[in-house]
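A note on names: the letters A, B, ... follow the listed sequences, proteins ahead of strands, and every chain is numbered from 1.
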Protein chains: 2
Amino acid sequence: MRKIKHPTIDQVELTDIMYALSDPTRLEIVELLGKTGRKMTCGELDLNRPKSSMSHHFKILRSAGLVETVIDGTEHMNSLRIAEIEVKFPGVLSAVLKVRAS
Amino acid sequence: MRKIKHPTIDQVELTDIMYALSDPTRLEIVELLGKTGRKMTCGELDLNRPKSSMSHHFKILRSAGLVETVIDGTEHMNSLRIAEIEVKFPGVLSAVLKVRAS
DNA sequence: ATTAATGTTCGAATATAATCGAACTATAGA
DNA sequence: TCTATAGTTCGATTATATTCGAACATTAAT
């Protein structure tokens with residue numbers, strides 16, 4: 001496990017994004033990543049759930065194209081792919097973030 | 001079966017809306033309702049699927065608060081609850097509709 | 001080399017959802 | 001009243017997701 005695979009932006013489907021955002025835990029992760037605007041480790045994003053459960057949710061966020069994870073030492077740094085997603089699906093993710101921020 | 005129950009707008013959750021929109025068939029229904037902007041019967045919205053399957057999807061769209069159905073004779077007229085949803089979750093549904101329209 | 005830290009993957013249990021035929025309900029029209 | 005129409009509900013099948021402990025992999029530090 002050296003590098004994590006992500007879909008390219010043209011492979012990202014709107015339904016997958018909707019699905020990823022339909023889980024409260026995942027929506028909260030996305031909200032936190034959007035709020036801080038920086039890369040965060042899974043640890044920082046911990047929501048009182050077992051590691052394996054969190055890992056599962058990150059996997060879905062990644063495969064939906066919402067989150068990018070790069071490995072840095074033992075840590076996995078996660079960030080929102082907001083710029084790309086806003087180009088492909090203008091207004092969708094930003095509106096969700098705005099709603100959740102208020 | 002006289003009148004169909006819908007959630008009030010304050011009962012509507014963002015995650016339920018996301019979930020409802022994560023299915024291609026349902027997203028297509030929403031897209032058609034948004035595009036025409038008028039009430040449409042389930043028949044008009046038929047997507048080559050059995051009635052019972054379509055009914056299932058409408059049920060989910062209704063319970064998510066996305067669609068309102070009023071009975072008119074033997075027909076069930078469906079419309080998007082876009083005005084209410086835009087007040088509660090500004091920009092979300094409109095962005096999805098815009099993306100799908102393009 | 002050991003040990004610790006950070007996540008992933010596996011595997012199995014449980015839960016939720018999709019699908020669709022068949023039976024049903026409600027209304028309209030002849 | 002009989003029949004047609006529009007859609008829902010039931011029920012059973014199949015498929016997909018969630019959950020989380022335990023084992024594993026990778027890197028860092030001692």
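- Among the nucleotides C:dG7, C:dA18, D:dG7, the one closest to any side-chain atom of A:C42 is C:dG7.
- Between the NZ atom of A:K59 and the C1' atom of C:dT9 there is a distance of 7 Å, rounded to whole Å.
- Listed here is the closest heavy atom pair of A:T8 and A:R81: C-NH2, 4.0 Å.
- Spacing between atom CZ of B:F58 and atom P of D:dT8 amounts to 8 Å, rounded to whole angstrom units.
- When the nucleotides D:dT26, C:dA18, C:dC20 are ranked by their closest atom to the side chain of B:R26, C:dA18 comes out on top.
- Here the side chain of B:T41 is nearest to one of D:dT18, C:dG7, D:dG7, namely D:dG7.
- Nearest heavy atoms, A:M77 versus A:T41: SD-CG2, 3.3 Å.
- Between A:G73 and A:D23, the residue whose closest nucleotide on DNA chain D is further toward the 5' end is A:D23.
- A:V67 and A:L47 end up in the same hydrophobic cluster when Ile, Leu, Val, Met, Phe, Trp and Tyr side chains are linked at under 4.5 Å.
- One atom, CZ of B:R49, and another, P of C:dC20, lie 7 Å apart when rounded to the nearest Å.
- In the set C:dA18, C:dT6, D:dA6, the nucleotide with an atom closest to the side chain of A:T74 is C:dT6.
- Protein atom CD1 of A:I29 is 14 Å distant from nucleotide atom C1' of D:dT18, rounded to whole Å.
- As rounded to whole Å, 9 Å separates atom P of D:dT9 from atom CD1 of B:I71.
- Ranking C:dT6, C:dA18, D:dT18 by closeness to the A:K51 side chain, first place goes to C:dT6.
- Considering only side-chain atoms of A:R62, the nucleotide from D:dT18, C:dT8, C:dA18 that sits closest is C:dT8.
- Residue-level contact check: A:H57 touches the backbone only, with heavy atoms under 4.0 Å from sugar-phosphate atoms and none from bases.
- Between A:L47 atom CG and D:dT19 atom C1' the separation is 15 Å, expressed in whole Å.
- A donor N or O paired with an acceptor N or O is not found under 3.5 Å between the base of D:dG7 and the side-chain atoms of B:S55.
- B:I17 and B:A64 get closest at one heavy-atom pair: CG1-O, 3.8 Å.
- At the phosphate of D:dT16, neither OP1 nor OP2 sits under 4.0 Å from any side-chain N or O atom of B:Y19.
- Side-chain atoms of A:R26 and A:H57 form a donor-acceptor pair, as typed in the model, at a separation below 3.5 Å.
- Spacing between atom CE of A:M54 and atom P of D:dA17 amounts to 19 Å, rounded to whole angstrom units.
- For the residue pair A:R62 and A:T69, the shortest heavy atom distance occurs at NE-OG1, 2.9 Å.
- The side chain of B:H76 lies closest to D:dG7 when the candidates are C:dC20, D:dT18, D:dG7.
- Positionally, the nearest nucleotide of DNA chain D for B:E75 lies more toward the 5' end than for the other of B:E75 and B:H56.
- When distances are taken from the side chain of A:S52 to each of D:dT26, D:dT9, D:dA22, the shortest belongs to D:dA22.
- Taking atom CE on B:M77 and atom C1' on D:dG7, their separation rounds to 13 Å, with Å as the unit.
- Checking D:dT18, D:dA6, D:dC20 against every side-chain atom of A:I60, the shortest atom distance belongs to D:dT18.
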